[in-house]
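Quick notes on the structure that follows.
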Amino acid sequence: MASDHAGFDLKEHLKRELQAAGHVILDLGTSSTDSVDYPDFGTALAGAIRDGRAGRGVLVCGTGIGISIAANREPAVRAAVVHDVTSARLARQHNDANVIALGARLVGPEVAKDCLRAFLETPFEGGRHAARVAKLSSR
């Protein structure tokens, strides 16, 4: 997990949810609402995915957009900005997303929790989607 200052409170909320469900959390920051630069935290999470320290990730900034752009610079990352359960589910089913990005200024804590649950519980469908996902890694 990682966030910038705008996403800090939502990240902490989601972290508590994950811990209560028994997940081990790698919290890559930030640690407060003091202003920071979102690319630093998107890049940190991308490195954890690349290095195998994390299998999936959760990013939070004001919109989810900037931090996902930073993370997606890493070829091992398929970060999807999600706004609801349907986008979270389809990101997994069709795109094999291994990171979700949420916008704390756009998505409330309960919707974010539902998105997180869908992201964690939904498998990749493979099939016709597998070749498309493979193309993402080959470019």
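Worth knowing before you read on, the calculation uses all heavy atoms, side chains too, and leaves out hydrogens, waters and symmetry mates. Index from 1, following the sequence.
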Look at atom CZ of R50 and say whether more than 12 heavy atoms of other residues, nucleotides or ligands are closer to it than 6.0 Å. yes
Are any side-chain N or O atoms of R105 and backbone N or O atoms of C61, one a donor and one an acceptor, separated by less than 3.5 Å? no
Do you know the tightest heavy-atom contact between N98 and A76? ND2-O, 2.9 Å
Does a side-chain heavy-atom distance below 4.5 Å link H129 with Q93? no
Rounded to the nearest 0.5 Å, what separation is found between the CG atom of D96 and the CZ atom of R132? 14.0 Å
Flag the pair L120 / L18 as yes when at least one side-chain heavy-atom distance between them is below 4.5 Å, and no otherwise. yes
About how many Å separate CZ of R117 and CZ of R89, when rounded to the nearest 0.5 Å? 14.5 Å
Tell me whether the count of non-hydrogen atoms from other residues, nucleotides or ligands lying under 6.0 Å of CZ in F41 goes above 12. yes
What is the distance from atom CG of L10 to atom NZ of K15, rounded to the nearest 0.5 Å? 12.5 Å
Please answer whether the main-chain N or O of A6 pairs with a side-chain N or O of D4 as donor and acceptor at a distance below 3.5 Å. yes
Can you measure from CZ (R53) to CG (L28) and round to the nearest 0.5 angstrom? 6.0 Å
Identify the heavy atoms of F119 and I100 that sit nearest to each other, and give their distance. CD1-CG2, 3.2 Å
Indicate yes or no for a side-chain donor-acceptor contact from D37 to the backbone of P39 under 3.5 Å, with no hydrogens or angles considered. no
Quick check: do D34 and T30 have side-chain heavy atoms less than 4.5 Å from each other? no
Does the side chain of S87 come under 3.5 Å of the side chain of D84 through a donor N or O and an acceptor N or O? yes
Atom CG of D40 and atom CG of L45: how far apart are they, to the nearest 0.5 Å? 13.0 Å
To the nearest 0.5 Å, atom CG of L59 lies from atom NZ of K11 at 11.0 Å
Quick one: does NZ or CZ of R92 land under 6.0 Å from the six-membered ring centre of F124, within 45 degrees of the ring axis? no
Can you name the closest pair of heavy atoms from I67 and V60 and give their distance? CD1-O, 3.8 Å
